[in-house]
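Sequence lines set the chain letters: A, B, ... in the order given, protein chains first and strands last, and positions in each chain run from 1.
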There are 2 protein chains.
Amino acid sequence: MEHLPGQVTKVAVTVDLVVLTVRDDALCALVVRRAVEPHRGALALPGGFVLDQEDLEQAAARELAEETGMRPGSVHVEQLATYGAPGRDPRGRVVTVAYLALAPDLPVPAAGSDAAEAQWSPVASLLADNHPGSGIDSDIDRDAGLAFDHAEILRDGIERARAKLEYSPLGAAFCAEEFTVAELRRVYEIVWGERLDPRNFHRKVTKTEAFLEPTGATTTRDGGRPAQLFRRGSAEHLHPPLLRRAP
Amino acid sequence: MEHLPGQVTKVAVTVDLVVLTVRDDALCALVVRRAVEPHRGALALPGGFVLDQEDLEQAAARELAEETGMRPGSVHVEQLATYGAPGRDPRGRVVTVAYLALAPDLPVPAAGSDAAEAQWSPVASLLADNHPGSGIDSDIDRDAGLAFDHAEILRDGIERARAKLEYSPLGAAFCAEEFTVAELRRVYEIVWGERLDPRNFHRKVTKTEAFLEPTGATTTRDGGRPAQLFRRGSAEHLHPPLLRRAP
DNA sequence: TCAAAAGTGTTATGAATACACCCATGA
DNA sequence: TCATGGGTGTATTCATAACACTTTTGA
């Protein structure tokens, strides 16, 4: 069945994951410390090569499980974009398909995985104008920013997540199975870096059909008067959208 | 410099183009008739293999020029998504990075290109439930729907275009360099398949800062009272967005 | 003079904002 | 009883929807 023209360039394909969560009042991404060259010692997005006979989506789910121990069930995963500049990997031509994952703040069940220690890191510090790690000279890349073009990928992932909160119910993907309106609001505030009025937010998300599904239970874990607990509703879109100040 | 692990699967990478325009009151896509197997005789999206040392964006621009003769300047191109299911090309593992292009209704300057005849075709007929062309038995695939998974790619491209009209000034990418408000409105109406109030639409697009740039000239080509001609403005976003009925 | 489309004005409706206020709990 | 956050009510502002009406052309 192999009838591809012989001169066709063949390239290695990887998937890379932008796994975001909200944690300690900051938007955080999952990163691993690279154990091998290139960019050994530098931080990078988790990812790896796509296997033979493996779908891209599958590869992303597998890497997510392998490198972070997360169960696909509790995490939203969607394709982000593909990066294929010829020089992006010094080892040769590598095209990477980036995926965006939104996860609740579970303790990284890292232990047991064979990968380098995965850890949550605030995106602000990951992107704080470190030099894009083109560590050709130095032997080890510690503190040189994200490896490869992963800073660009992370930026794109964050922007996608921010935009999605406007018109989809995916903010809930950052919350536990059951959550209060205030917890969801804090997700919005942290992802957007913007204060929202608690009362108007409450009205918006509770009045929008099928956006939230009440569980009947309440909690006082946030202090004050008991708050209703909700699950994510069946709505796929938030219409009309909940807009940020100005994009 | 080649230090990729030897057992890494290498795959061929193509770019495929969803080139859309508005033409004869219908949303149309550019398709080519395949001259070689697989799916010989079937319609397919224009595209081709990414060359050695070529960026993905470059490859998309090159294919656009080669297969359709369009100049990049007059056409908006953006990455759409990547498709890599193991069985999507019978010749072997091929991952395709799809690009979305929005073009004005130029006569396809096809002549002179070495590719198969490119032609505009209404998307409604391209997607009218033909069997997804898995033409294993038949020798020639004429009238068997789009080749490969191109129907899925086309659907994704159309949905992206529809969504983008809501919050970006890209509707103008379907118009000539200079256009009237009514011409822009017809783009919206045809892409969305929905009637818009001419007067409210006029107000919305002309009052939004930097969305349209008046040229000073007028035209009567649409009949009736002369209409002002505009160019696309410098705005990158349309805020607040111009929403469809219900997504 | 008429049809046709451009463009303006006006009112009504609906949603977001801003904020006063009451409610229910733990400490 | 008091601090804390949950939740409701309401006036105001802003944007869109709906539509009457005037303007400017070609036929």
Exercise. Round to a whole Å and report the spacing from CD of A:Glu194 to C1' of C:dT17.
Key: 13 Å

Exercise. Specify the separation, in whole Å, of atom CG of A:Asp197 and atom P of D:dG7.
Key: 14 Å

Quiz prompt | Of all pairs that satisfy salt bridge (charged side-chain N to carboxylate O under 4.0 Å, His left out), the ones with a partner from residues 208-230 of chain A, not counting sequence neighbours | solution = A:Glu183-A:Arg221, A:Glu213-A:Arg231

Quiz item: Residues in side-chain hydrogen bond (donor to acceptor under 3.5 Å, both in side chains) with B:Arg199, at least two apart?
Solution: B:Asp197

Quiz item: Got a sec, which residues hit salt bridge (Lys or Arg N to Asp or Glu O under 4.0 Å) with A:Asp156, two or more places apart in sequence or on another chain?
Solution: none

Self-check item: Whole angstrom value for the distance that separates P of D:dA17 from CZ of B:Arg245
Solution: 6 Å

Atom pairs under 3.5 Å: protein N/O with N/O of nucleotides 11-15 of chain C:
none

Quiz prompt | Qualifying residues under salt bridge (Lys or Arg N to Asp or Glu O under 4.0 Å), relative to A:Asp55, sequence neighbours excluded | solution = none

Quiz item: Considering residues at least two apart in sequence or located in another chain, which fulfil the salt bridge (Lys or Arg N to Asp or Glu O under 4.0 Å) criterion with A:Arg62?
Solution: A:Glu54, A:Glu66

Quiz item: Roughly, in whole Å, what's the span from CG in B:Leu196 to P in D:dA18?
Solution: 11 Å

Practice problem: Please list, chain by chain and in numerical order, all residues satisfying side-chain hydrogen bond (donor to acceptor under 3.5 Å, both in side chains) with A:Thr208, sequence neighbours excluded. | Solution: none

Quiz prompt | Residue list, side-chain hydrogen bond (donor to acceptor under 3.5 Å, both in side chains) with A:His76, at least two apart or on another chain | solution = A:Glu78

Quiz item: Reading nucleotides 3-10 of chain C from the 5' end, what letters show protein touch, with B for base, S for backbone sugar-phosphate only, - for no heavy atom under 4.0 Å?
Solution: -BBBBBBB

Self-check item: Sequence-distant partners of A:Tyr188, ring-ring contact (aromatic ring centres under 6.0 Å, His included), two or more places apart
Solution: A:Trp192, A:Phe201

Quiz item: Who pairs with A:Arg185 by side-chain hydrogen bond (donor to acceptor under 3.5 Å, both in side chains), at least two apart in sequence or on another chain?
Solution: A:Glu189

Exercise. Would you work out how much the helix from C:dT1-D:dA27 to C:dA27-D:dT1 bends between its ends, with each end axis defined by five base pairs, to 10 degrees?
Key: 0°

